Structure formats: C-alpha cells, structure tokens
Amino acid sequence: MQIDLTGRTALVTGSTQGIGAAIAVALARAGARVGVNGRDERKVAESVERLARQAPGAELVPVAADVSHDEGAARVAEVLPQVDVLVNNLGVFGAADPLEITDEEWRRYFEVNVLAAVRLTRLYLPGMTERGWGRVQYVASDSAVVIPAEMIHYGMSKTALLAVSRGFAKKAAGTGVTVNSVIAGPTHTGGVEDFVYELVDRELPWEQAQRTFMREHRPQSLLQRLIEPEEIAHMVVYLSSEQASATTGGALRVDGGYIDAILP
C-alpha cells in the first residue's frame, strides 16, 4: 500500500518527543506538511531540526504553544490556520496512590489530556467539513479500557477521549471527515522508561527492567515487550490516508494484544 499525503497539512500536538515525534516523522515521510508542537520554543526548534534529519526534504512547521489553554490554541491557529489532519497526541501521565490524587491533579489531567483535544477539534473540524475532507485522531491508551490502579486519573482521561472521539465522529457523519481514536499499548518512550523505574528496581539494566515491568505489571500483553513509537505511527498514518476513508468512529488498537477482548 502506497500512502501519499502530499498537499495535506497535519498538526501533531505534543510532538517534540516520544510517540508524537514518531508520528510527525511518519506523516512527513508520507508527504504531509507537519506542524511540530510543544510548549517551549527552543525545544520545538531543536525537535524540528532533529526530525528533519529523519525525514529529509520534509516541510516541518514549528508550532510553539501550550494547547492546554485557549491562548495556546489561538497561537496554533495563527501559525496553521488550515489543518487537514489533526492528531491529538498531547498527554501527561504518572503513577500515584489513588487516594492521594488531589482535586488539582484530577483537573490538570482532564485539562491537558481531554480539553486540549476538544479545543483543537472545535477549532479545525468546521473547516474540514466545509472542505469535505479531513482526519481527526486522538491518541488514547490501553489504560482507557484496563484502568491501572496506580494511574486512575490518567485512565479516566483516556476513557473520556474515546467518548469524545465517537461523539465528534457522529458530528462529522457524512461530511468526508473521519474521526478515530488510536489505543496505544505500553510503549517504549523516555517518559515510560522513567515510569517503569518508578515500579521496578532502578538498579536493573533497561532490558531486564522492561521484562520485569511487563511480567509484573502488564502480564496480559501478548507482545510481551514494549511497543516502539513507530508502530503507533504506522496506524496514525494509515488513518490519515485516503485508504482509510471508510474507517470512522472507531477505537483502533495498537496495544500488542494487551486488552483481553475481541472488539473493538
């Protein structure tokens, strides 16, 4: 299958590192003009330079803005007034005792992981429907379905994204715009390495720590390893393509078989 996104403009939130960076590179390699987003202007510029080496000849647009606030969303709209592919990847996560999560933290997780995506969808979906083509995606998590005891606040936010995705898919029905969520399983990123070492012995070498983490905390994974960010990006690129025109309102799993269910 040859996926060609030439002529399309994509925005990937939280794309200076991890899954977001992998998605930005993959979309750029498919020919899209890609907005690389993060809060820090210097970090965004450095990321654009790094990602450009991974996707030679690609058009990467630095978009330094905190999209968890109205002002940041307005800034994004100034830089990229029209977007064909919106990938809501921005998210925060971390382990915490469920009884010690403060009201402030609950609100922060909802603001960053959910409302930022809603805000940008409100911003770009009308233009997509008017033009009769567009792709909106939400990077969710296995934690949306299998709520971890140590990450209830995170799981809550990702469950909410599944509802948001399905709802906006209905709003876009019949317009030529598709809306989907991607359920990412346990993925190997720098942030996840830190998280793994919160739960296993920090003295263990990474490969051993990873195996211990999967065995003790994610034993239901059929992959029995962490997923690489590029593997998540492959699904996002497909959903961004013409070939995925009949896929909408879905929650597509790239979870390594972690969720013990036949559907979705």
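Here the structure is a predicted model, which means the values were calculated and not measured.
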At their closest point, which heavy atom of [X] faces which heavy atom of [Y], and how far apart are they?
{"X": "L60", "Y": "A52", "value": "CD1-N, 3.5 Å"}
{"X": "A30", "Y": "V237", "value": "CB-CG1, 4.2 Å"}
{"X": "N113", "Y": "G91", "value": "OD1-CA, 3.1 Å"}
{"X": "A21", "Y": "R50", "value": "CB-NH2, 4.3 Å"}
{"X": "Q208", "Y": "L204", "value": "NE2-CD2, 3.3 Å"}
{"X": "V63", "Y": "G35", "value": "CG2-CA, 4.0 Å"}

SB check [X] [Y] (cutoff 4.0 Å):
{"X": "R135", "Y": "D84", "value": "no"}
{"X": "E111", "Y": "R108", "value": "no"}
{"X": "R211", "Y": "E216", "value": "no"}

Verify whether one side chain among E104 and T102 offers a donor that lies under 3.5 Å from an acceptor in the other.
no
Under 3.5 Å, is there a donor-acceptor pair between the E193 and H188 side chains?
yes
With a 4.5 Å cut-off on side-chain heavy-atom distances among I, L, V, M, F, W and Y, is there a chain of contacts connecting [X] to [Y]?
{"X": "V182", "Y": "I23", "answer": "yes"}
{"X": "I183", "Y": "M151", "answer": "no"}
{"X": "L90", "Y": "V118", "answer": "yes"}
{"X": "L161", "Y": "V92", "answer": "yes"}
{"X": "V87", "Y": "L80", "answer": "no"}

Might you confirm whether atom [atom1] of [X] has over 12 heavy atoms from other residues, nucleotides or ligands at distances under 6.0 Å?
{"X": "R29", "atom1": "CZ", "value": "yes"}
{"X": "E228", "atom1": "CD", "value": "yes"}
{"X": "E130", "atom1": "CD", "value": "no"}
{"X": "E105", "atom1": "CD", "value": "yes"}

Main-chain N/O of [Y] paired with [X] side-chain donor or acceptor, under 3.5 Å:
{"X": "Q137", "Y": "V236", "value": "yes"}
{"X": "S157", "Y": "G155", "value": "no"}
{"X": "N89", "Y": "I19", "value": "no"}
{"X": "T248", "Y": "A169", "value": "no"}
{"X": "S68", "Y": "V112", "value": "no"}
{"X": "R215", "Y": "Q224", "value": "no"}
{"X": "N37", "Y": "S15", "value": "no"}
{"X": "E59", "Y": "V34", "value": "no"}
{"X": "R33", "Y": "V61", "value": "no"}
{"X": "D255", "Y": "D142", "value": "no"}

Where at least one partner belongs to residues 110-144, residue pairs that pass ring pair (Phe, Tyr, Trp, His ring centres under 6.0 Å), sequence neighbours excluded:
none
To the closest 0.5 Å, what do you measure between [atom1] ([X]) and [atom2] ([Y])?
{"X": "T187", "Y": "R225", "atom1": "OG1", "atom2": "CZ", "answer": "10.0 Å"}
{"X": "Y109", "Y": "Y154", "atom1": "OH", "atom2": "OH", "answer": "9.0 Å"}
{"X": "L199", "Y": "R202", "atom1": "CG", "atom2": "CZ", "answer": "9.5 Å"}

Run the side-chain contact (heavy atoms from CB on, under 4.5 Å) test on R131 and Q82 for me, step by step, so that the C-alpha distance in whole Å, both residues' side-chain angles and the decisive distance to 0.1 Å come before the verdict.
CA-CA 10 Å; R131 295 188 299 274; Q82 178 176 313; 3.3 Å; yes
Check the pair I232 / I227 against side-chain contact (heavy atoms from CB on, under 4.5 Å), numbers first and verdict last.
CA-CA 8 Å; I232 310 297; I227 298 163; 3.9 Å; yes
Would S245 and T178 count as a side-chain contact (heavy atoms from CB on, under 4.5 Å) if you check the C-alpha gap in whole Å, the side-chain angles of each, and the deciding distance to 0.1 Å?
CA-CA 7 Å; S245 57; T178 67; 5.6 Å; no
Steps toward salt bridge (Lys or Arg N to Asp or Glu O under 4.0 Å) verdict (E78, R75):
CA-CA 5 Å; E78 291 177 4; R75 169 61 180 158; 3.5 Å; yes
Do [X] and [Y] have side-chain heavy atoms sitting under 4.5 Å apart?
{"X": "L86", "Y": "T121", "result": "yes"}
{"X": "V192", "Y": "P186", "result": "no"}
{"X": "M214", "Y": "L223", "result": "no"}
{"X": "I3", "Y": "L5", "result": "yes"}
{"X": "S241", "Y": "Q243", "result": "yes"}
{"X": "N88", "Y": "L120", "result": "yes"}
{"X": "L125", "Y": "V177", "result": "yes"}
{"X": "V85", "Y": "L11", "result": "no"}

Step by step, work out the salt bridge (Lys or Arg N to Asp or Glu O under 4.0 Å) result for E242 and R8.
CA-CA 11 Å; E242 294 285 354; R8 304 295 188 190; 3.0 Å; yes
Residue from V200, D201, D194 passing side-chain contact (heavy atoms from CB on, under 4.5 Å) with Y197
V200
When you look at Y238 and M1, which way does the side-chain contact (heavy atoms from CB on, under 4.5 Å) test go after all the steps?
CA-CA 10 Å; Y238 167 70; M1 182 183 295; 4.0 Å; yes
Kindly write out the residues that satisfy ring-ring contact (aromatic ring centres under 6.0 Å, His included) with H234, not counting sequence neighbours, or none if the list is empty.
none
In sequence, state the C-alpha distance, the side-chain angles, and the governing distance for R218 and E150, and then conclude on salt bridge (Lys or Arg N to Asp or Glu O under 4.0 Å).
CA-CA 12 Å; R218 301 293 185 269; E150 75 279 3; 3.5 Å; yes
Side chains of residues 256-264: which donor-acceptor partners sit under 3.5 Å, not counting sequence neighbours?
| from | atom 1 | to | atom 2 | distance (Å) |
| --- | --- | --- | --- | --- |
| Y258 | OH | Q220 | NE2 | 3.2 |

